[in-house]
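Read the structure below first, then the notes.
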Amino acid sequence: MADLPAAVAEALRPHVGDIRQTEPVGGGCIANAARIDAERGRFFVKWSGGEAGETFEAEAFGLRALREAGSPLLVPEVTAAQNAEGHPGLLLMDWIEPGSKGTDFWDDFGAGLAALHRHTSADGRYGFERGNFVGRLPQHNEWRAMWPDFFRSQRLVPQIMLARERGRWRSEWDTFADRLSGRLDELLPEQPPASVLHGDLWSGNFLPTSDGRAALVDPAAYYGHRETDLAMTELFGGFDRRFYNAYRAAWPLEPGYEERREVYNLYHLLNHLNHFGAGYAGGVERTLRRFG
């Protein structure tokens, strides 16, 4: 049996019953993870202290929002979540049996993401019921009626402020950032559908299941312009062309996506700059210079 901290095992028992076996699960970079075979079934749990341990309740909230959208994509059901406040921070959810990418995997994934994005906020505004996290860093989600205002105030400005605080912002970027901020109203649509978004959709945050579906994990969910999810999939690669073709067949994109994609990915480049440092400064600068 793999090691499971006693405090974590004790916190899990009311939800899973007697724990019979655990198996470590790799792939995570900020938390411990394991598969649990227990009296009430098979589960996935991750746990951590520190910064990572403060993210689990927000992640659970995002997973529930994605499940409520009712798309063909698989989203694990959350059984329990608690942040690290005098007890272990943990997230307990259904175990997803992994599989391989079948013949129709990418087509179904693209069409399924389009179906997910059809689920929109109740009043058409952009944001989320609570703040959450993208990686270990806070993600701001205050409601806004206009999309460019949301992207400016809740995405770019907080990341730029954090980069300044961490000494990772270059003073020569100021003029370009100010100009880009002033151009967002012309670069971005004013009121696109406020789709429910995964929010951090790179190749490490989905997996093929044993029944051939795509499962979404580790979201930074909110309601926003659907193109931001697609843009993120292109930032680091790993998605087959059939995925994009199927998405566009299910819900075509408006002209100008290729330009907006670069603006949207500036948020993730800034986030990676703040997480990992100067290796992402070149990408940030290129985007700022292009649009600012």
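Hydrogens, waters and symmetry mates are skipped; everything else that's a heavy atom, side chains included, is used.
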(message) Does this structure show an ion pair linking R183 with E186, if we count only N-O contacts that are shorter than 4.0 Å?
(response) yes
(request) Please round to the nearest 0.5 Å and tell me the distance separating atom CD of Q21 and atom CD1 of I19. (result) 12.0 Å
(request) Examine L207 and L63 and state if one hydrophobic cluster contains both, with Ile, Leu, Val, Met, Phe, Trp and Tyr joined whenever side-chain heavy atoms are less than 4.5 Å apart. (result) no
(message) For S181, is there any backbone N or O sitting under 3.5 Å from a side-chain donor or acceptor partner on R152?
(response) yes
(message) Under 4.5 Å between side-chain heavy atoms, counting indirect links through other Ile/Leu/Val/Met/Phe/Trp/Tyr residues: same cluster for V75 and V25 or not?
(response) yes
(request) For the residue pair E54 and E85, establish whether any side-chain heavy-atom pair is separated by less than 4.5 Å. (result) yes
(message) Quick check for you: to the nearest 0.5 Å, what is the distance between F151 atom CZ and L188 atom CG?
(response) 6.5 Å
(request) Kindly indicate, with the supporting measurements, whether the criterion salt bridge (Lys or Arg N to Asp or Glu O under 4.0 Å) is fulfilled by E129 and R64. (result) CA-CA 12 Å; E129 288 83 349; R64 292 181 182 118; over 6 Å; no
(message) Less than 4.5 Å apart, side chain to side chain, heavy atoms only: is that true for L216 and L116?
(response) yes
(message) Would you say CD of E254 has more than 12 non-hydrogen atoms from neighbouring residues, nucleotides or ligands within 6.0 angstrom?
(response) no
(request) With side chain to side chain contact (heavy atoms under 4.5 Å, CB included) as the test, would you mind laying out the steps for E227 and R261 before giving the verdict? (result) CA-CA 7 Å; E227 289 180 357; R261 174 186 63 201; over 6 Å; no
(message) Quick check: is M146 connected to L187 through a chain of hydrophobic side chains (ILVMFWY, heavy atoms under 4.5 Å apart)?
(response) no
(request) Compare all side-chain heavy atoms of W47 with those of P5 and state whether any distance is below 4.5 angstrom. (result) yes
(message) Between R179 (side chain only) and L288 (backbone N and O only), is there a donor and an acceptor less than 3.5 Å apart?
(response) no
(message) For a quick test of reading the model, state the closest non-hydrogen atom pair linking D185 to P148 and the distance between them.
(response) OD1-CB, 3.2 Å
(request) Mind checking salt bridge (Lys or Arg N to Asp or Glu O under 4.0 Å) for D211 and listing every partner two or more places apart, or none if nothing turns up? (result) R213
(message) Tell me whether S195 contacts the main-chain N or O of H117 through its side chain, where contact means a donor paired with an acceptor under 3.5 Å.
(response) yes
(message) With a 3.5 Å distance limit and no angle check, can you tell me whether R164 reaches the backbone of W169 through a side-chain donor-acceptor pair?
(response) no
(message) Counting C-beta onward and ignoring hydrogens, is there a side-chain heavy-atom pair between W147 and T228 closer than 4.5 Å?
(response) yes
(message) Can you tell me how far apart CZ (R226) and CZ (R118) are? Round to the nearest 0.5 Å.
(response) 7.0 Å
For residues 88-108, dump all side-chain donor-acceptor pairs below 3.5 Å to protein atoms at least two apart in sequence or in another chain.
unit_1	atom_1	unit_2	atom_2	d
W95	NE1	E97	OE1	2.9

(request) Indicate yes or no for a side-chain donor-acceptor contact from D229 to the backbone of H198 under 3.5 Å, with no hydrogens or angles considered. (result) yes
(message) Keeping N83 on the side-chain end and E57 on the backbone end, is there a donor-acceptor pair under 3.5 Å?
(response) yes
(request) Anything under 30° is parallel, anything over 60° is perpendicular, the rest tilted; go ahead and classify Y223 against F128. (result) tilted
(request) Please state whether the rings of Y264 and H225 are parallel, tilted or perpendicular, taking 30° and 60° as the class boundaries. (result) perpendicular
(request) Start with the C-alpha gap between F176 and W173, add the side-chain angles, then the distance that decides, and say whether ring pair (Phe, Tyr, Trp, His ring centres under 6.0 Å) holds. (result) CA-CA 5 Å; F176 302 114; W173 295 347; 9.3 Å; no
(request) Please check if the side chain of D37 supplies one atom and the backbone of R20 the other of a donor-acceptor pair under 3.5 Å. (result) no
(request) Indicate the atoms forming the closest heavy-atom contact of V217 with G204, along with that distance. (result) CG2-O, 4.5 Å
(message) Taking atom CZ as the centre, does R130 end up with more than 12 heavy-atom neighbours from other residues, nucleotides or ligands that are less than 6.0 angstrom away?
(response) yes
(request) Locate the shortest heavy-atom distance separating A220 from D200; write the atom from each residue and the value. (result) CB-CB, 4.2 Å
(request) Identify whether NZ of Lys or CZ of Arg in R155 sits under 6.0 Å from the centre of the six-membered ring of Y222 and within 45° of that ring's axis. (result) yes
(request) State, with a plain yes or no, whether a side-chain heavy atom of Y244 is found less than 4.5 Å away from one of E234. (result) yes
(request) Identify the heavy atoms of G224 and Y126 that sit nearest to each other, and give their distance. (result) CA-CD2, 3.9 Å
(request) Indicate, with yes or no, if L184 and F291 share a hydrophobic cluster defined by side-chain heavy-atom contacts under 4.5 Å among Ile, Leu, Val, Met, Phe, Trp and Tyr. (result) yes
(message) Can you confirm whether T22 sits close enough to V45 that some side-chain heavy atom of one is under 4.5 Å from a side-chain heavy atom of the other?
(response) no
(message) Quick check: is V263 connected to L230 through a chain of hydrophobic side chains (ILVMFWY, heavy atoms under 4.5 Å apart)?
(response) yes
(request) May I ask you to decide if Q159's main-chain N or O and N274's side chain share a donor-acceptor pair within less than 3.5 Å? (result) yes
(request) Measure the spacing between CZ of R248 and CG of L253 and express it to the nearest 0.5 Å. (result) 4.5 Å
(request) Decide if atom CD of Q191 counts as having more than 12 heavy atoms of other residues, nucleotides or ligands within a radius under 6.0 Å. (result) yes
(message) Please give me the minimum heavy-atom distance between A281 and L273, naming the atom from each residue.
(response) N-CD1, 3.9 Å
(request) Would you please classify the geometry between the H272 ring and the F276 ring as parallel, tilted or perpendicular, with 30° and 60° separating the classes? (result) tilted
(request) Anything under 30° is parallel, anything over 60° is perpendicular, the rest tilted; go ahead and classify F243 against F239. (result) tilted
(request) For residues F56 and S48, determine if any side-chain heavy atom of one lies less than 4.5 Å from a side-chain heavy atom of the other. (result) yes
(request) Please answer whether the main-chain N or O of H268 pairs with a side-chain N or O of Y280 as donor and acceptor at a distance below 3.5 Å. (result) no
(request) Check whether any side-chain heavy atom of L235 sits under 4.5 Å from a side-chain heavy atom of L269, and report yes or no. (result) yes
(request) For residues A231 and N265, report the shortest heavy-atom separation together with the two atoms involved. (result) O-ND2, 3.0 Å
(request) Give a yes or no answer on whether the side chain of T55 reaches the backbone of E51 with a donor-acceptor pair at less than 3.5 Å. (result) no
(request) With rounding to the nearest 0.5 Å, note down the distance linking CD in Q82 to NE2 in H87. (result) 4.5 Å
